[in-house]
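To find a chain, count down the sequence lines: A is the first, B the second, and so on, and within it residues start at 1. Note that the structure is predicted; figures quoted are calculated from it, not measured.
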Number of protein chains: 2
Amino acid sequence: MDNLSTTEENYIKTIYHLQQSDANVGTNEVAAKLNTKAASVTDMLKKLNAKQILNYEKYKGFSLSDEGQKIALGIVRKHRLWEFFLVEKLNFRWDEVHTIAEELEHISSGLLVERLDSFLGHPKFDPHGDPIPDSNGKIEVQPQINLVDLPIGSSAKVSAVGSQSSELLELLTHKNIAIGTSISVIRKFSFDNSLEIETNASIPFTISRELALALFVTLLKEN
Amino acid sequence: MDNLSTTEENYIKTIYHLQQSDANVGTNEVAAKLNTKAASVTDMLKKLNAKQILNYEKYKGFSLSDEGQKIALGIVRKHRLWEFFLVEKLNFRWDEVHTIAEELEHISSGLLVERLDSFLGHPKFDPHGDPIPDSNGKIEVQPQINLVDLPIGSSAKVSAVGSQSSELLELLTHKNIAIGTSISVIRKFSFDNSLEIETNASIPFTISRELALALFVTLLKEN
DNA sequence: ATAATATTTTAGGCAAATCTAAATTATTAT
DNA sequence: ATAATAATTTAGATTTGCCTAAAATATTAT
């Protein structure tokens, strides 16, 4: 069943991610993500279809099969565990780890993944707040919303970031916001859509809509 | 200068290892190690020659250039650091790590290697006792001899094993011999070339020539 | 020294993954 | 409903790494 090339794995992972947010994914989108061309995607679709990894009818669309989904989750699991390792054990910043994890996620040993998971203490989330699937491919979907949608007055905890850029990290570091930080929105300004927020014990300050869009939060139950 | 494929790296590493023990390495030997054919080796020799990674004249032979040597040592460094990581942090046995490290050694990030090295405490030897090159490619060659060549009466410490097989590990575990164990040879029996030895504080026992050949030791200075 | 043997190289092809350009099918807009 | 546009697929090449079979060179044994 297994024995997939790195290339095949990358297609599977990419299709998985794209189909998470958008039901109707096409060859062009996949091609864009993989820096290749639609024609190459078609070739791979036929190949993965033959391997039962996806359901594909030409001109009509494609989606991961159950088997494909399982493979994708395995790759995501490896990627996020390695990212956790890089940040927690090797002192990388979270804006540095994606590219390295992109290579590490293709190391094949299943035993390695399980040992790594134990060594890291079975982490549930990667350094960007994204959930790490367990060894059965089960992924914990926590109810999270974008900070711009957080109602005024409610308290929430930053649970994930929507970008892995150094620029975002720089700004978050400056504003003392990290994953786990408590936030409540005090006011919204319609002129520029900026938000007045309050974190932990600090005095209130303002953030841009761009920043708010890059932050995902989970609601804290009110006392 | 860089940007080598995994395949190219494997050729470089293989040529490096073969040329360590044997000056006159040919295409057939390389092919055997890489499970390929001599003709394929020739193709790669031409390619690596063009990249200045080895000095090659057709029909006359080949050897790694200085650049090639440096690349090889970098790969060996990564391989051995990862093996150390797998054994020390993830509780693998030393007979399990080679194949996994064979994949990990091709992860490209230089920063990763240096961080890993720090995290592991700059180990000097891998779990099989082989020296880990430093970041400049310097490799510490400790004077070590085969146990069969250890003179009767002299004390020595097991410094490396000559095979990574589970069978060897099984036997060594049973006999309570590991890297670091002190050994002295008490007698040699010419009938079957077996050796009577003494380790640490135990009572003397006998080992086969096969086992002795798989053990490398460093002499301890006499008091 | 030369014949037999071994080693290495060339020639010509194959499979994977990619590309461009052209053809086919689907979607959208009028 | 059909023409224009967009998306997808096919056709035919390219590159990398590999193969087999045959040719070229080196080594060895007499």
Residues from residues 21-30 of chain A lying under 4.0 Å of DNA chain D - heavy atoms: A/Gly26, A/Thr27, A/Asn28

Value in whole Å for how far the C1' atom of D/dT15 lies from CG of B/Asp43: 13 Å

Can you check the B/Lys46 NZ to C/dA11 C1' distance for me, whole Å? 10 Å

Go through the side-chain N and O atoms of B/Gln142 and B/Thr218 and say whether any donor and acceptor fall under 3.5 Å apart. no

Residues in side-chain hydrogen bond (donor to acceptor under 3.5 Å, both in side chains) with A/Ser166, at least two apart? A/Asp95

Taking side-chain hydrogen bond (donor to acceptor under 3.5 Å, both in side chains) as the definition, give me every residue that meets it alongside B/Arg115, ordered by chain and number, with sequence neighbours left out. none

Between C/dT7 (C1') and B/Lys37 (NZ): distance, integer Å: 16 Å

Which part of the nucleic acid does A/Thr36 contact within heavy-atom distance under 4.0 Å: base, sugar-phosphate only, or nothing? sugar-phosphate

B/Glu9 has an atom CD; how far is it from atom P of D/dT16, in whole Å? 16 Å

Any residue meeting side-chain hydrogen bond (donor to acceptor under 3.5 Å, both in side chains) with A/Gln69, in chain and number order, not counting sequence neighbours: none

Is it the case that atom CG in B/Asn146 sees more than 12 heavy atoms from other parts of the structure closer than 6.0 Å? yes

In short, side-chain hydrogen bond (donor to acceptor under 3.5 Å, both in side chains) pairs touching residues 17-28 of chain A with sequence neighbours left out are none

Output field dot_bracket for DNA chain C (Watson-Crick or G-U, both distances under 3.5 Å, | for other-strand pairs) contains ||||||||||||||||||||||||||||||

Mind calculating the distance between CG (B/Leu48) and P (D/dT16) to the nearest angstrom? 13 Å

For D/dT16, does OP1 or OP2 lie under 4.0 Å from any side-chain N or O of B/Thr7? no

Hits for ring pair (Phe, Tyr, Trp, His ring centres under 6.0 Å) against B/His98, two or more places apart or cross-chain, chain-then-number order -> B/His79

At under 4.0 Å, does any side-chain N or O of A/Thr42 touch on OP1 or OP2 of D/dT9? yes

How would you list, by chain and number, every residue that makes a side-chain hydrogen bond (donor to acceptor under 3.5 Å, both in side chains) with B/Glu29, sequence neighbours excluded? none

Touch class at under 4.0 angstrom, heavy-atom based, for B/Phe62 against every strand present: nothing

Scan nucleotides 21-26 of chain D nucleotide by nucleotide, 5' to 3', and note B when protein non-hydrogen atoms come under 4.0 Å of the base, S if they reach only the sugar-phosphate, - if neither. ---BSS

Starting at atom CE of B/Met44, determine the distance to atom C1' of D/dC18, rounded to an integer number of angstrom. 10 Å

By side-chain contact (heavy atoms from CB on, under 4.5 Å), which residues pair with B/Leu120, not counting sequence neighbours? B/Leu81, B/Phe84, B/Phe85, B/Lys89, B/Leu116, B/Pro123

When the distance from NZ of A/Lys51 to P of C/dA16 is rounded to whole Å, what number comes out? 9 Å

Who pairs with A/His128 by ring pair (Phe, Tyr, Trp, His ring centres under 6.0 Å), at least two apart in sequence or on another chain? A/Trp94

Tell me whether B/Glu103 contacts the main-chain N or O of A/Ser108 through its side chain, where contact means a donor paired with an acceptor under 3.5 Å. yes

Pairing residues for B/Glu114 by the salt bridge (charged side-chain N to carboxylate O under 4.0 Å, His left out) criterion, not counting sequence neighbours: B/Arg77

Between D/dT8 atom P and A/Tyr56 atom OH, what is the distance in whole Å? 9 Å

